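Everything on this sheet refers to the single structure shown next.
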Amino acid sequence: MPVLTKRYPKNCLLAVVDRYLAVVCNMEQVVMIPSLLRDVQLGGHGGQAQMGAPDLYTYFTMLKTIRMDVEHGLLPREEWQAKVVSRKADEAGKEAAEIEEAKEEVSGELDLETQFHVHFSSLHRILTHLTVKAQEVTRKYQEMTGQVL
């Protein structure tokens with residue numbers, strides 16, 4: 001795994017982002033044949049696969065996509081919305097999201113600091129969770145290919 005070159009406080013968002021990027025980069029270097037991950041479930045508690053859980057290949061591609069967004073920035077809002085809409089053609093869901101977005105804009109003007117802390121802690125939690133998933137995908141691939149040290 002690449003060594004972090006900058007030192008940030010442990011819970012600093014930049015440290016969490018650096019850890020995530022390093023772990024996903026390591027995952028990409030270890031997983032030489034991603035197609036081996038298809039239809040392989042990540043073992044849940046006690047080694048049991050969770051019903052309806054995505055396979056390792058899905059995690060692998062999701063983690064890589066998120067890494068690209070983190071490194072290169074977000075798509076312009078219109079492109080991102082088009083991507084989301086193409087994935088979910090549910091018009092009722094789109095209308096509900098627009099209503100929720102309008103509510104957030106009104107409340108956003110009222111208490112920006114509170115919203116910042118909510119989103120900051122959520123982003124921190126999500127990146128930490130994704131880092132753990134990338135480590136699990138890497139470990140499982142190494143087990144499957146006999147690379148476990």
Side-chain angles (χ1 to χ4, degrees), residues 1-101 103-104 108 114-149:
M1 179 169 30
V3 178
L4 300 176
T5 56
K6 297 179 183 176
R7 289 288 185 197
Y8 301 111
K10 182 180 179 183
N11 289 324
C12 174
L13 183 60
L14 297 174
V16 174
V17 169
D18 279 352
R19 267 193 304 271
Y20 172 73
L21 294 175
V23 168
V24 172
C25 183
N26 181 56
M27 176 189 73
E28 288 181 287
Q29 291 174 354
V30 169
V31 178
M32 300 301 288
I33 308 171
S35 61
L36 289 177
L37 300 172
R38 289 193 188 277
D39 300 324
V40 177
Q41 297 293 314
L42 199 61
H45 299 298
Q48 297 291 327
Q50 297 174 351
M51 237 11 213
D55 63 2
L56 292 180
Y57 184 79
T58 303
Y59 279 121
F60 178 80
T61 55
M62 175 193 65
L63 293 163
K64 282 180 53 174
T65 301
I66 293 171
R67 180 189 59 85
M68 295 298 291
D69 288 343
V70 169
E71 286 183 332
H72 301 289
L74 295 173
L75 292 172
R77 183 180 180 135
E78 295 80 25
E79 289 181 38
W80 181 81
Q81 285 177 335
K83 185 177 178 180
V84 170
V85 169
S86 70
R87 284 188 184 168
K88 298 180 180 181
D90 182 15
E91 289 299 320
K94 182 180 176 186
E95 290 175 19
E98 289 172 356
I99 292 169
E100 185 63 32
E101 184 177 320
K103 287 179 185 177
E104 284 181 10
T114 301
Q115 280 194 358
F116 170 78
H117 287 288
V118 167
H119 291 293
F120 182 85
S121 63
S122 295
L123 182 58
H124 191 284
R125 207 171 22 257
I126 289 167
L127 283 171
T128 301
H129 179 75
L130 291 173
T131 300
V132 169
K133 287 295 182 194
Q135 290 170 330
E136 291 174 358
V137 169
T138 304
R139 179 191 50 78
K140 187 71 172 179
Y141 180 84
Q142 288 175 323
E143 286 176 4
M144 290 170 49
T145 58
Q147 297 177 17
V148 178
L149 300 176

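Every value quoted in this text rests on a predicted model; they were computed, and no experiment measured them. We use all heavy atoms of the structure for the numbers below, so side chains are in, but hydrogens, waters and symmetry mates are not.
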Task: Y141 side chain vs I33 backbone, donor-acceptor pair below 3.5 Å - done: yes
Task: Rounded distance (nearest 0.5 Å) linking atom CG of L130 with atom NZ of K133 - done: 9.5 Å
TODO: Output the distance between atom CZ (R139) and atom CD (E136), rounded to the nearest 0.5 Å.
DONE: 6.0 Å
- [ ] Please determine which of L127, I126, V132 meets the side chain to side chain contact (heavy atoms under 4.5 Å, CB included) test together with Y20.
- [x] L127
- [ ] Mind checking the CE-CG spacing from M144 to L37? Nearest 0.5 Å is all I need.
- [x] 5.5 Å
Task: Which atom of L36 lies closest to which atom of V40, heavy atoms considered - done: O-CG2, 3.6 Å
Task: Spatial distance of atom CE (M27) from atom CD (Q29) [nearest 0.5 Å] - done: 11.0 Å
TODO: Measure the spacing between CG of L123 and CG of L13 and express it to the nearest 0.5 Å.
DONE: 5.0 Å
TODO: Of all the heavy-atom pairs spanning A15 and P9, show the shortest one and how long it is.
DONE: CB-O, 3.5 Å
- [ ] With sequence neighbours left out, write down each residue that passes side chain to side chain donor-acceptor pair (under 3.5 Å) with T58, or none if nothing qualifies.
- [x] D55
Task: Separation of R19 CZ from T128 OG1 (nearest 0.5 Å) - done: 6.5 Å
Task: Over all atoms of both residues, closest heavy-atom pair of A134 and V24 - done: CB-CG2, 4.0 Å
Task: Non-hydrogen atoms of Q41 and K140 that approach each other most closely - done: O-CE, 4.0 Å
Task: Y59 and M62: CA distance, side-chain angles, deciding distance, side chain to side chain contact (heavy atoms under 4.5 Å, CB included) verdict - done: CA-CA 5 Å; Y59 279 121; M62 175 193 65; 3.7 Å; yes
Task: For Q135 against V23, the heavy-atom pair lying closest together - done: CG-CG1, 3.4 Å
TODO: Indicate yes or no: at least one non-hydrogen side-chain atom of V30 is less than 4.5 angstrom from one of N26.
DONE: yes
